[in-house]
Amino acid sequence: MAPALSRSLYTTSPLTSLPFTPTTQSHLRTAFLPRGGGGLRTGVSCSWNLEKRCNRFAVKCDAAVAEKETTAEEGSGEKFEYQAEVSRLLDLIVHSLYSHKEVFLRELVSNASDALDKLRFLSVTEPALLGDGGELEIRIKPDPDNGTITITDSGIGMTKEELIDCLGTIAQSGTSKFLKALKENKDLGADNGLIGQFGVGFYSAFLVAEKVVVSTKSPKSDKQYVWESVADSSSYVIREETDPENFLRRGTQITLYLREDDKYEFAESTRIKNLVKNYSQFVGFPIYTWQEKSRTIEVEEEEPSKEGEEEKEGEPKKTKKTSKTEKYWDWELANETKPLWMRNSKEVSKEEYNEFYKKAFNEFLDPLAHTHFTTEGEVEFRSILYIPGMGPLNNEDVTNPKTKNIRLHVKRVFISDDFDGELFPRYLSFVKGVVDSNDLPLNVSREILQESRIVRIMRKRLIRKTFDMIQEISESENKEDYKKFWENFGRFIKLGCIEDTGNHKRITPLLRFYSSKNEEELTSLDEYIENMGENQKAIYYLATDSLKSAKSAPFLEKLLQKDIEVLYLVEPIDEVAIQNLQTYKEKKFVDISKEDLELGDEDEVKEREAKQEFNLLCDWMKQQLGDKVAKVQVSNRLSSSPCVLVSGKFGWSANMERLMKAQALGDTSSLEFMRGRRILEINPDHPIIKDLNAACKNAPESSEATRVVDLLYDTAIISSGFTPDSPAELGNKIYEMMAMAVGGRWGRVEEEEGSSNVDEGGDEKDGEAEVVEPSEVRAESDSWQD
């Protein structure tokens, strides 16, 4: 393409195409040595020689070793010039820079775009350059029969000297030289859309081509030149075009003769169209591809004669019109979608944003929200970000940072959508959008975003804009929008509490939970704090496996009596997220299922009296339970339940213990260590506890009292959310106690039929069993007696 376009590389092999003699000289040029008469130091002669090394040809410059200079400025050391083995250099560029072959089309289209941009810029001061060369456009025509791809642009073209300079010099970017000249003349202006900067992009054509022919016509020259090279050669040929059929009015035409392995893939018209849509959809010039189309036409056909009818001579034959589908080839515009982010956000309607979102990301639902912004200053880029209308269907997408939802463009040319957290953190991976910048730190292949301070600044601003967009949804009058957002993406936001401590202030106001005062609608932390009482100093929460189990948990009893709101954490990620927050607006998060619960209005005198009265019972129950519990103490959180099992302050809660046991790859050895201690809290006002208090004083050795303590502990395990170690053993205890409680209560009669025993004398005895009611043998001190 035009000089502005030489940005990629091509594969080369040994210089077998050049004749070899020991003194063969060539005029091959390299970007490693300066050109022109004044480029070399005085006293250095330069000539290129071909030498044979290990069945390969190497290009060597005789000027590589310079003469020793003894000037005072340079000291006494010797200076040497770099050497370049051209074939090896090209081979490295082609096979080491690019991950995918398909990027060749992106590079060549970008070159064509640069050529058109350059012509448009120069035509402002030199209108004659446009001439009658037609519209500024790019056309791509694949030919599967011949295995070729032809890319034509109507840009600035190249003269013979520019061909040598741009295509014959590796890493020589015509665009970079053009921009440098503009800067020196202060004519660049604010809007720079030129893409090329490395001078290796053109050679990516050799990723798929075994031969490349470039035909170019510059409006500055009357002649048209053809540049030609093959993949297995380090030389190229330039000749003048003499065939009138191949003449161009202006611009450049590149013909790629595809390799055998790549003919079937890249010579197919649909494949070319898809590549253009993927990589070059937003290039500022129209790109046409040669496509097969179909249309319906009407044709006249002779009506067949009916059976038995004879055709009369001289009569015209009857015809009828029928519709047929006809296939034909024509040019089709491949980049209809315009880069919406380049426009002023005030001039774009909501319908246009939604339409762009659906086309760019193949979506069928409108987005929940969007934001369109331009960032200036140290880093300049434009972006449109969207929140999708539906969450990911696959749960793996929640934790997968490589979602391909952010499409990175540089000067409207698609670069990549394969990022691993460089632009967005994992918990915001559901956000979709386009980011376009003119000066991103890319590597030469334009596929990898290099880690740098600029990238970190971009990431920070993108995250901030995303939070602003979500905050607007939460504050909008339509509450259904945020409800829908939370249902789809609430898990992502909670993940941010764990992974992004630096943005806790932005994340926490977005959180929503069910609560004891609002079991139907979600409650925000700001609403919770507004409803807090004057004496309440903490945000209370309870983590369970479901909303139903949370509402019936014994931990809630005293808090509900005192009208204290409790947040219900019913999703697996909730408890870990809250633990990472620790505080919100100077209010600590407190788990009501753990020890040392302070409700703020305790009656210290009453608590001290209760502890003194039941101190003996607590010690006796601890002795009965042994190592099952760390201690037994009087509770301040119970009103109707006899007891509850709470976790230690620094151990796992019952909910967390359940989750950790369910891990497929969990470490069972850490369960005992992290489980923490369990504390049995008793309700001094419950009848069972009062009876046990009497038992420990009057009959501390009673086996029935011991069985009651064991059963009380086992039921507390279940009601507190823990998992019993032996469910079958617990079941047997319950059955045994049930038998004692209900045996014979409703007049059950056990009948035993007497068996007839015939003794030797033949006498028969009729025996009748006596029915004994369990209630008749109860002891007066039996605690289960009515």
Side-chain angles (χ1 to χ4, degrees), residues 341 357 360-361 367-373 375 378-379 381-409 415-437 440-442 447-474 482 485-512 525 571-582 584:
W341 63 86
Y357 168 76
F361 298 99
L368 281 177
H370 70 270
T371 180
H372 181 187
F373 60 94
T375 301
E378 188 174 6
V379 179
F381 65 92
R382 298 171 180 264
S383 179
I384 300 179
L385 301 178
Y386 293 94
I387 294 178
M390 183 175 64
L393 300 176
N394 190 348
N395 288 332
E396 292 181 0
D397 292 340
V398 177
T399 56
N400 181 17
K402 294 187 176 183
T403 56
K404 298 185 180 295
N405 286 339
I406 298 299
R407 297 176 59 86
L408 176 66
H409 292 71
I415 298 301
S416 178
D417 57 5
D418 187 12
F419 299 109
D420 192 6
E422 289 94 342
L423 292 178
F424 269 93
R426 182 171 64 161
Y427 69 92
L428 290 179
S429 59
F430 63 90
V431 178
K432 297 186 177 184
V434 177
V435 178
D436 188 3
S437 177
L440 283 182
L442 300 173
E447 296 171 0
I448 302 172
L449 189 62
Q450 295 173 347
E451 180 64 27
S452 70
R453 187 172 58 89
I454 294 178
V455 177
R456 291 194 295 270
I457 295 173
M458 284 186 62
R459 173 189 168 100
K460 186 176 181 180
R461 294 181 181 177
L462 288 170
I463 293 174
R464 187 176 70 244
K465 288 293 184 179
T466 301
F467 279 124
D468 293 343
M469 176 171 51
I470 300 174
Q471 189 66 34
E472 287 180 8
I473 304 177
S474 67
Y482 195 74
F485 166 81
W486 190 254
E487 289 175 355
N488 287 299
F489 308 108
R491 293 169 296 169
F492 289 87
I493 302 302
K494 293 172 185 175
L495 183 62
C497 299
I498 304 170
E499 296 188 342
D500 192 356
T501 57
N503 281 305
H504 276 177
K505 291 184 178 179
R506 292 189 175 96
I507 295 173
T508 313
L510 303 176
L511 298 176
R512 298 291 186 273
L525 294 179
E571 290 190 359
I573 195 175
D574 288 353
E575 185 174 1
V576 183
I578 289 295
Q579 288 174 352
N580 277 270
L581 292 177
Q582 296 183 349
Y584 179 62

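Positions are given from 1 along the sequence.
The shortest side-chain heavy-atom distance between Leu385 and Phe373 falls under the 4.5 Å cut-off. Contact of the Ile507 side chain with the Leu581 side chain is not registered, since no non-hydrogen atoms from C-beta on lie closer than 4.5 Å. Asp417 has its side chain out of reach of Ile406: every pair of non-hydrogen atoms, C-beta onward, lies at least 4.5 Å apart. His370 is not listed as a side-chain neighbour of Ile387, based on a closest heavy-atom distance of 4.5 Å or more. A 4.5 Å side-chain heavy-atom check between Arg464 and Arg506 finds at least one atom pair inside the cut-off. Counting heavy atoms from C-beta outward, Leu511 and Ile493 have side chains that approach closer than 4.5 Å. The side-chain heavy atoms of Val435 and Ser383, taken from C-beta on, include a pair separated by under 4.5 Å. Counting heavy atoms from C-beta on, the side chains of Phe492 and Leu428 never come closer than 4.5 Å.
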Using the ring-ring contact (aromatic ring centres under 6.0 Å, His included) rule, take Phe489 and Phe430 through it: C-alpha gap first, then chi angles, then the decisive distance, then the call.
-> CA-CA 8 Å; Phe489 308 108; Phe430 63 90; 4.4 Å; yes
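The distance from atom NE2 of His504 to atom CD of Gln582, rounded to the nearest 0.5 Å, is 9.0 Å. Phe467 contributes atom CZ, which lies 14.0 Å from atom NZ of Lys505 (distance to the nearest 0.5 angstrom). To the nearest 0.5 Å, the span separating OG1 on Thr375 from CZ on Arg382 amounts to 10.5 Å. Separation of atoms CD1 (Ile470) and NZ (Lys465) is listed at 14.0 Å; rounding is to 0.5 Å. Taken from CG in Leu462 to OG1 in Thr371, the straight-line distance is 10.0 Å, to the nearest 0.5 Å. Summarising the geometry, atom CG belonging to Asp500 is positioned 3.5 Å from atom OH belonging to Tyr427; distances are rounded to the nearest 0.5 Å.
Pairing each heavy atom of Ile473 with each of Ala369, the nearest pair is CD1-CB, 3.5 Å.
With sequence neighbours excluded, the residues that form a side-chain contact (heavy atoms from CB on, under 4.5 Å) with Gln471 are Ser474, Glu475, Pro509, Leu510. Listed by chain and residue number, Phe361, Tyr386 satisfy the ring pair (Phe, Tyr, Trp, His ring centres under 6.0 Å) test with Tyr357 (two or more places apart in sequence, or in another chain).
Between His409 and Trp341, the ring planes lie tilted relative to each other; the angle falls in the 30° to 60° range. Between Trp486 and Tyr482, the ring planes are parallel. Angles under 30° get that label, and only those over 60° would be called perpendicular.
In summary, Glu571 and Arg491 do not engage in a salt bridge, as defined by a charged side-chain N under 4.0 Å from a carboxylate O.
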